[in-house]
Amino acid sequence: MSQKPPKSVRLGFERNCKEIALDLLQPGIPLPAGIKETVKYHQIRTSVQAIGLVEPIVVAHSRETAGTFTVLDGRMRLEALRELAAQHALCLISTDDEAYTYNKRVNRLSVVQEHRMIVRAAERGVSVQQLADVLAVSPGAIRQQFKLLDGICSEAVSLLADKPATHGMFKVLKQMKPFRQIDVAQAMINLNNYTIKLALAMLQATPPEQLTEAATAKGQRAGPTEALQRLQRELAAVQADTKLLEEGYGPANLQLEIIKTYVGKTLLENAAVVRWLAKTHAEYLQQLQLIAEIKQLPTQ
């Protein structure tokens, strides 16, 4: 029996980013009215001016005008570049025109990615004060960002790179040795839970030989009774949160399924409705697409 040759996998994007003239880039959906007055747009414009374009603009070849491109993600970055009189932008070219549905596939910056962006900007010569102004935080917070991954092994960083981990969770991980960091990171991924409460509970359950010297000394100063009491409090808090989630999961999931079905099957499969939303309320269309693509309830 002859075997069929394996099917080739079609890449979703061209392999390399390209510099494209701004005149050739056209937003698939116009920016909502008043967007330039928002804090978000101001932050993006200030960031582009101070740091440059960190994430490339995602585009696809236009089906209407040869040689031009439709912007799938990065409309505000494009507008900021135009306001700053830039001539070109670094673009990632998609092989599929998903102008109406691309945003649902975009993952926003995680804590690790944000850390790397800040470090990269600093290496380019951007000062701490400039970064603080761009991100609307204190200079001290920027300095803390530089140290975010100090003491975290590379394997744990790789596991958590694109996860919604928190700054506080990494502070807890630093008290563990590398192999334990990997175990805890994998456990959090399996549970889809990246809260400080869970990290602290796992820290308290960590054998002394898997803790750093500083964490071991701290535990010895606290004494076994105090450490046990703290562990009990953390576990009780985790159990209470879990119970609340279990009680509300069923009704919330049913309601979500009803909403998803109506949005996906009734609204977004109606071409006339989609065209009207795209022309008059583009921001509503994006939110409806996000709702239709929800696979499960988010973990708190």
Side-chain angles (χ1 to χ4, degrees), residues 19-60 62 68-92 94 98-111 113-118 120-122 124 126-142 145 164 166-167 263 267-268 273-294 298:
E19 290 280 349
I20 299 176
L22 298 191
D23 293 341
L24 300 179
L25 304 180
Q26 298 298 327
I29 303 174
L31 285 172
I35 192 68
K36 292 185 180 181
E37 284 71 45
T38 63
V39 174
K40 182 65 175 177
Y41 179 79
H42 175 72
Q43 288 179 333
I44 289 175
R45 189 185 185 283
T46 307
S47 172
V48 171
Q49 185 175 20
I51 304 173
L53 199 62
V54 176
E55 293 181 272
I57 296 172
V58 182
V59 302
S62 173
T68 63
F69 299 84
T70 300
V71 177
L72 306 182
D73 182 68
R75 293 178 298 154
M76 287 198 286
R77 277 171 277 157
L78 173 61
E79 187 62 29
L81 286 169
R82 284 177 172 161
E83 282 196 357
L84 296 169
Q87 300 299 316
H88 297 80
L90 186 66
C91 297
L92 178 63
S94 171
E98 297 189 6
Y100 286 142
T101 58
Y102 181 79
N103 277 343
K104 70 176 184 287
R105 306 184 192 282
V106 178
N107 292 320
R108 301 306 171 193
L109 286 180
S110 68
V111 169
Q113 291 164 340
E114 184 180 272
H115 160 81
R116 289 172 175 168
M117 179 194 75
I118 290 173
R120 188 160 59 246
R124 294 175 181 174
V126 181
S127 69
V128 170
Q129 187 60 54
Q130 284 179 303
L131 287 168
D133 293 340
V134 167
L135 300 175
V137 297
S138 68
I142 296 296
Q145 275 279 15
T166 63
H167 294 80
V263 170
L267 296 182
L268 297 184
V273 171
V274 172
R275 284 196 298 270
W276 181 81
L277 286 171
K279 291 179 180 179
T280 61
H281 297 287
E283 66 278 15
Y284 293 167
L285 177 59
Q286 292 177 2
Q287 294 303 317
L288 290 173
Q289 289 167 342
L290 289 174
I291 292 172
E293 292 298 320
I294 293 175

Side chain proximity check, Q145 to H167, heavy atoms < 4.5 angstrom: yes
Exercise: identify the closest heavy-atom pair between L31 and M76: CD2-CG, 3.8 Å
What is the distance from atom CZ of R75 to atom CD1 of I35, rounded to the nearest 0.5 Å? 8.0 Å
Distance-only, no hydrogens or angles: does the R77 side chain make a donor-acceptor pair with backbone N or O of P56 under 3.5 Å? yes
When rounded to the nearest 0.5 Å, the distance separating CG of L81 from CZ of R45 is 10.5 Å
Specify the closest pair of heavy atoms between A60 and L72, including all atoms of both residues, with the distance to one decimal. CB-CD1, 4.0 Å
Working to the nearest 0.5 Å, report the span between CD1 of I291 and CD of Q286. 12.5 Å
Measure the CD-CG distance between E79 and L25 for me, rounded to the nearest 0.5 Å. 12.0 Å
Decide yes or no for L268 and L285: does some side-chain heavy atom of the first lie under 4.5 Å from some side-chain heavy atom of the second? yes
Could you grab the distance from atom CD1 of I44 to atom OG1 of T38, nearest 0.5 Å is fine? 7.5 Å
To the nearest 0.5 angstrom, please state how far the CG atom of L267 sits from the CD atom of Q289. 11.5 Å
When every non-hydrogen atom of V71 is compared with those of P27, the smallest separation belongs to CB-CA, 3.9 Å
Is there a side-chain contact between I57 and I20 (heavy atoms, below 4.5 Å)? no
